[in-house]
Amino acid sequence: MLIVSRGGLVPGGILAQKLGIKNIRVICLESYGEDETRGTIRSIYAPNDIIFDGEKWVVVDDLVDMGLTLGHIRERYSTAHYVTLAAKPAGKSCVDFSAKDFSQDTWIVFPWENK
């Protein structure tokens, strides 16, 4: 499992626990600035120590909005399965499964994000 940090950490951890997955890696990318506006993708960390057989890997994130982050990851890991909790129309084509769809103009705050 490849979990997108930070948004995918909670859902990815829960999914890994439920499915008994122990081989977990984290990829750290950023596409939102401090003022919550979209920017360019900034790679902070991507694992280089794994032999990636995409058909056996699941990439987990909390949300796909415009598809920038998952599109960036898909360039590197094209055969993986992509799952999110939430999906918006502009990014929906980047995921293989999402638990819930939202309108493009909805700002989503997950329970673990409350301050």
Side-chain angles (χ1 to χ4, degrees):
M1 178 178 289
L2 183 63
I3 299 175
V4 181
S5 175
R6 292 177 322 198
L9 291 173
V10 172
I14 293 169
L15 188 60
Q17 180 68 30
K18 293 290 183 185
L19 297 176
I21 296 172
K22 295 181 180 179
N23 188 7
I24 300 168
R25 297 292 192 273
V26 175
I27 186 166
C28 304
L29 303 172
E30 189 173 65
S31 64
Y32 282 92
E34 291 298 319
D35 60 354
E36 299 180 345
T37 58
R38 278 185 218 100
T40 56
I41 299 294
R42 184 170 74 99
S43 181
I44 300 168
Y45 171 79
N48 290 319
D49 64 334
I50 59 175
I51 298 171
F52 195 83
D53 178 359
E55 292 183 9
K56 295 180 182 177
W57 283 81
V58 176
V59 177
V60 181
D61 203 356
D62 59 347
L63 163 70
V64 61
D65 189 332
M66 299 294 292
L68 298 175
T69 301
L70 292 183
H72 182 82
I73 297 170
R74 238 189 224 280
E75 289 176 12
R76 185 169 183 172
Y77 309 115
S78 61
T79 58
H81 301 281
Y82 288 76
V83 299
T84 61
L85 288 179
K88 294 183 180 181
K92 179 79 173 174
S93 65
C94 290
V95 297
D96 300 306
F97 174 82
S98 60
K100 183 159 176 61
D101 294 341
F102 290 88
S103 66
Q104 196 64 42
D105 61 344
T106 302
W107 186 260
I108 301 166
V109 178
F110 294 99
W112 54 87
E113 297 176 323
N114 287 338
K115 296 177 183 174

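Keep in mind that this is a model prediction, so the values were computed, not measured.
With sequence neighbours excluded, the residues forming a side-chain contact (heavy atoms from CB on, under 4.5 Å) with Val10 are Ile14, Trp112, listed by chain and number. For Ala86, the side-chain contact (heavy atoms from CB on, under 4.5 Å) partners at least two apart in sequence or on another chain are Leu63, Phe102, Ile108, Phe110. Residues forming a side-chain contact (heavy atoms from CB on, under 4.5 Å) with Ser5 (at least two apart in sequence, or on another chain): Leu9, Val26, Cys28.
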message: Assess the residue pair Gln104 and Asp65 against the criterion (side-chain contact (heavy atoms from CB on, under 4.5 Å)); give the C-alpha distance rounded to whole Å, side-chain angles, the decisive distance to 0.1 Å, and a yes or no.
response: CA-CA 7 Å; Gln104 196 64 42; Asp65 189 332; 2.7 Å; yes
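Contact between Asp61 and Gly8 at its shortest, heavy atoms only, is OD1-N, 3.3 Å. In this structure, Leu2 and Ile73 approach most closely via the heavy-atom pair CD2-CG2, 4.4 Å. Shortest non-hydrogen contact noted between Val60 and Pro11 is CG1-C, 4.2 Å. Listed here is the closest heavy atom pair of Tyr82 and Tyr77: OH-O, 2.6 Å. Of all non-hydrogen atoms in Cys94 and Gly71, the two that sit nearest each other are SG-N, 4.4 Å.
Within the 4.5 Å cutoff, side-chain heavy atoms of Val4 are placed close to those of Leu70. Residues Ile21 and Leu15 fail the side-chain proximity criterion, which asks for heavy atoms closer than 4.5 Å. Side-chain atoms of Asn23 and Trp57, non-hydrogen and from C-beta on, do get closer than 4.5 Å to each other.
To the nearest 0.5 Å, the span separating CD1 on Ile27 from NE2 on His72 amounts to 6.5 Å.
Sequence neighbours left out, the pairs with a member in residues 89-110 that pass salt bridge (Lys or Arg N to Asp or Glu O under 4.0 Å) are Arg74-Asp96, Lys92-Asp101.
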